[in-house]
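Beneath this line is the structure, given in structure tokens, with notes to follow.
Sequence lines set the chain letters: A, B, ... in the order given, protein chains first and strands last, and positions in each chain run from 1.
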4 protein chains.
Amino acid sequence: MTDRTPRTARGTRTRAKLLEAAEEVFSAHGYHDASIVKITEAGGVSQGTFYLYFEGKQEIFDELVEDLNRRVRRAMAEASHSGTDRAEAERLGFAAFFRFTAEHPALYRIIRQAEFVSPRALHQHYERITEGYAAGLQQALDDGEIVPLDPTVAAWALTGIGEMIGMRWVLWGENDKVPDDVFDEMIALVHRALGLTTGSREAT
Amino acid sequence: MTDRTPRTARGTRTRAKLLEAAEEVFSAHGYHDASIVKITEAGGVSQGTFYLYFEGKQEIFDELVEDLNRRVRRAMAEASHSGTDRAEAERLGFAAFFRFTAEHPALYRIIRQAEFVSPRALHQHYERITEGYAAGLQQALDDGEIVPLDPTVAAWALTGIGEMIGMRWVLWGENDKVPDDVFDEMIALVHRALGLTTGSREAT
Amino acid sequence: MTDRTPRTARGTRTRAKLLEAAEEVFSAHGYHDASIVKITEAGGVSQGTFYLYFEGKQEIFDELVEDLNRRVRRAMAEASHSGTDRAEAERLGFAAFFRFTAEHPALYRIIRQAEFVSPRALHQHYERITEGYAAGLQQALDDGEIVPLDPTVAAWALTGIGEMIGMRWVLWGENDKVPDDVFDEMIALVHRALGLTTGSREAT
Amino acid sequence: MTDRTPRTARGTRTRAKLLEAAEEVFSAHGYHDASIVKITEAGGVSQGTFYLYFEGKQEIFDELVEDLNRRVRRAMAEASHSGTDRAEAERLGFAAFFRFTAEHPALYRIIRQAEFVSPRALHQHYERITEGYAAGLQQALDDGEIVPLDPTVAAWALTGIGEMIGMRWVLWGENDKVPDDVFDEMIALVHRALGLTTGSREAT
DNA sequence: AATGAATGAGAGTTCATTCAT
DNA sequence: TATGAATGAACTCTCATTCAT
């Protein structure tokens, strides 16, 4: 009920510290073992302060999901738009996704938890990602770049590819990045799936 | 350290009841909100009895994951082996996976949680699934049925497709099954990714 | 939701210990400063045990009010029924009330709090007391012992007299009892109010 | 220890706003659920401002009790003094009390809480009320208007009548006032208790 | 005079687990 | 084999109060 918007610069700073701390803590311990104490300690403020800016644990979680979602989508959009054709757009988009994953493992780790914590946030996350992806595919379709297909189905399917490869090689891998050969293999597969011809290979 | 193997037929029954109850409860409430009380109540036994057969909450969770993993792999293997060529094998395998998902939503819901609860169990789950998948692809490769590719990378990628489409249309959908047109679209995409030619379409 | 009825003799004993402890603690500290810790410490059990038998603080409070209500009414009823005429019944009833108050100061102290804690319990308490009282007056009326009056209004009014005199002389007094002269003065007033003639004075 | 007296007209206004807000909030939520935030919000000032004028929660509570006490006594005194005889004085005094109760339900609700919050304030409240009442009775006694009795005991007893009837019919009733017939019944009872003859009945 | 950010103790409550019966 | 009473640590959240601005 109460308005929890900070009213001073100091407050704004504190709120931001808490969000950052929450990303760390949720990512390290998972939602349930991420206690408010841990978050406030990581943020360097007292327990009570937390409730000055957030309604509770769930609320900060939701906000975090939304935040990460916005950032990953922006990263992917920017990358893929800088491609000159669809084949390159795909390559750059996936590369951006993996880079983001490496820098923000919290994304995966937090999203996974959302199933029970905040189903709405989970749906929205994938909905938004696939929507953006589908729009790009539709464009490629209109331009006759790819084989006729349902862009929505394709978007969900290809998102799944990213998720799985990212989990296996970025999250569980040893180098925090998808090895080049794996990446190339995957891109080739994606290109075939869309009916594109994979050109010569540049760096990831 | 105590041996928790049931010594009597009655004990075996009780243990089985608890496992079944756990699947229900974990699936409905998630790991953390699935209290031992809820599980024992659902199983119709008292709290203390639980510890006669399981070391703790985590142990029963792991066992459940393993159990579901075994079952889903068997379902997929049986289905895909009954196909006459690789194209059909893919179609049947995915169909089996979606059917299993519809019947056991617990699979998804429980696996998702495993990230923090039992990372080992999570790794193992996907490792085993993709191993089986990769073996099939290797075979197809040897038979010259599919385009040259790294079967492991392809297995993880295609597993991702299944996961995502299943989540979107089975779990979140309204009919507990992937609609035929979506399924066909997805299969076509998979076939292209493998360099297969999609044949005529039968029912899912 | 859960059934919190004790299932063994030990449980029944523990529950009783908690109720007794609660009477003490609520009476000594008031509802809000009576923490569950204080109650369980006074009862010699751990915090968690409390929730085995009570839903929460409010529930044990309500139960206590009801319990005290039953006991004070029984004490008054027994006393006043042993009187041979209405004048004596009044004298004995009030005496019993003051005696109970002296032995259970918790009655007052707890009831007072109920206004915000459990308004329902408060209403019920006075409703029941005055109902019993009014029934006695109705009888006296039928027997022509008292002046014509509305028994309900009289019952509430006379209950008020008891409350106030009890508060002033039992609770705040120094001897834990209403001094004889005060008691006699009050009874004389009550008798006049009912149109009874006060007879010779015996001890309280 | 700091001096909290307002030094400017603005300060005086703020202090008054807070007192008024406190009456509302204490009355609506009870002492313990009446947080300083609620009071300051109701008063339209910030949390910190509260401590400019009051030492703490308890202090503002005490001041409120004293304030209400002063006002209810004035109302009753004025009313009863305008009566021409004792019978009328009683009638008018009680009527004034009920009117005040209807307009300031906070009186009851706040006093009830005082038992543990501020026992001193509670004692003082009733002490003052009954003192005034007793003085009036003494006068009537000297004038031979009422039967011989101890004015102090009678004052406490009759105050109890007012409290109880007020609670039952003003606070819990539906019309915010004591119905005429109840009022007349009660007054008749009071008159008998004092040995007065009830005259003809006017409105309350 | 007024603000609102910050504190931290303490509240009620849950729950995995142990143990006497 | 099975029970359920008991534990106690940990959790989320509230709130009177202080203090820098």
Side-chain angles (χ1 to χ4, degrees), chain A residues 2 5-15 32-40 44-58, chain B residues 6-15 32-40 44-58, chain C residues 2-3 6-15 32-40 44-58, chain D residues 6-15 32-40 44-58:
Chain A
T2 337
T5 320
R7 244 162 265 301
T8 67
R10 189 186 177 195
T12 311
R13 242 159 26 233
T14 303
R15 202 191 124 98
H32 280 97
D33 293 343
S35 62
I36 304 294
V37 193
K38 277 178 190 147
I39 295 175
T40 51
V45 298
S46 78
Q47 272 191 72
T49 302
F50 179 89
Y51 294 91
L52 248 35
Y53 303 110
F54 302 96
E55 250 175 51
K57 202 177 167 179
Q58 159 114 272
Chain B
R7 302 241 168 281
T8 67
R10 186 186 177 195
T12 311
R13 259 186 340 262
T14 303
R15 204 191 124 96
H32 280 96
D33 292 345
S35 62
I36 302 294
V37 196
K38 275 179 192 147
I39 294 176
T40 51
V45 299
S46 77
Q47 270 187 79
T49 303
F50 179 90
Y51 292 88
L52 252 34
Y53 302 110
F54 301 96
E55 251 177 50
K57 199 176 169 182
Q58 160 117 273
Chain C
T2 338
D3 181 12
R7 245 163 265 301
T8 67
R10 189 186 177 193
T12 310
R13 245 163 18 237
T14 303
R15 203 190 124 99
H32 280 95
D33 292 345
S35 64
I36 304 294
V37 194
K38 277 179 192 147
I39 294 176
T40 50
V45 299
S46 78
Q47 272 190 72
T49 302
F50 179 90
Y51 294 91
L52 248 36
Y53 304 111
F54 301 96
E55 251 176 51
K57 201 176 167 181
Q58 159 115 269
Chain D
R7 301 239 168 282
T8 67
R10 186 184 177 196
T12 311
R13 256 182 348 257
T14 303
R15 204 190 122 97
H32 280 96
D33 292 346
S35 63
I36 302 295
V37 196
K38 276 180 193 147
I39 293 175
T40 51
V45 299
S46 78
Q47 271 185 77
T49 303
F50 178 90
Y51 291 89
L52 252 34
Y53 302 110
F54 301 96
E55 250 177 50
K57 200 177 170 181
Q58 160 118 274

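Atom CD1 of C/Ile36 and atom P of F/dT12 are 20 Å apart (whole Å). Following rounding to the nearest Å, D/Ile39 (CD1) and F/dT17 (P) show an atom-to-atom distance of 11 Å. Separating the NZ atom of B/Lys38 from the C1' atom of E/dT14 is a distance of 10 Å, rounded to the nearest angstrom. Taking atom OH of residue A/Tyr51 and atom P of nucleotide F/dC15, one finds them 13 Å apart after rounding to whole Å. One atom, NZ of A/Lys57, and another, C1' of F/dA10, lie 11 Å apart when rounded to the nearest Å.
Scanning for ring-ring contact (aromatic ring centres under 6.0 Å, His included) contacts around C/Phe54 gives C/Phe50, with sequence neighbours left out. Applying the side-chain contact (heavy atoms from CB on, under 4.5 Å) test to D/Arg13 and every residue at least two apart in sequence or in another chain returns D/Ala9, D/Arg10. Taking B/Ser35 as the reference, B/Val37, B/Lys38 meet the side-chain contact (heavy atoms from CB on, under 4.5 Å) condition, with sequence neighbours excluded. The side-chain hydrogen bond (donor to acceptor under 3.5 Å, both in side chains) search around A/Thr49 returns A/Ser46, not counting sequence neighbours. With sequence neighbours left out, the side-chain hydrogen bond (donor to acceptor under 3.5 Å, both in side chains) criterion links A/Thr5 to A/Asp3.
To the nearest 0.5 Å, atoms CD (A/Gln47) and CD1 (A/Ile39) are separated by 11.0 Å.
Each of A/Asp33 and D/Asp33 was assigned the nucleotide of DNA chain F with the nearest heavy atom; the assignment lying further toward the 5' end belongs to A/Asp33. Along DNA chain F, the nucleotide closest to D/Ser35 and the one closest to A/His32 are compared, and the more 5′ of them pairs with A/His32. Taking for each of C/Gly56 and A/Thr5 the nucleotide of DNA chain E with the nearest heavy atom, the 5'-most of the two is the partner of A/Thr5.
Closest heavy-atom contact between B/Pro6 and B/Gly11: CB-C, 3.5 Å.
Nearest nucleotide to the side chain of A/Arg7, out of F/dT12, E/dA5, F/dA16: E/dA5. Side-chain proximity of D/Thr8 to the nucleotides E/dA1, F/dT1, E/dC15 is greatest for E/dA1.
Between A/Asp33 and B/His32 there is a side-chain heavy-atom pair separated by less than 4.5 Å.
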N/O-N/O pairs, protein side and nucleotides 6-8 of chain E side, under 3.5 Å:
unit_1, atom_1, unit_2, atom_2, d
E/dA6, OP1, A/Arg10, NE, 3.4
E/dA6, OP1, A/Thr14, OG1, 2.5
E/dA6, OP2, A/Thr14, OG1, 3.3
E/dA6, OP2, A/Tyr53, OH, 2.7
E/dT7, OP2, A/Ser46, N, 2.8
E/dT7, OP2, A/Ser46, OG, 3.4
E/dT7, OP2, A/Thr49, OG1, 2.9

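Looking at DNA chain F, the stems built from 3 or more consecutive Watson-Crick or G-U wobble pairs, each pair with its key distances under 3.5 Å, are E:2-21 with F:2-21.
Results of the side chain to side chain contact (heavy atoms under 4.5 Å, CB included) test with B/Thr14 over B/Leu52, B/Val45, B/Thr8 single out B/Val45 as the only residue that passes.
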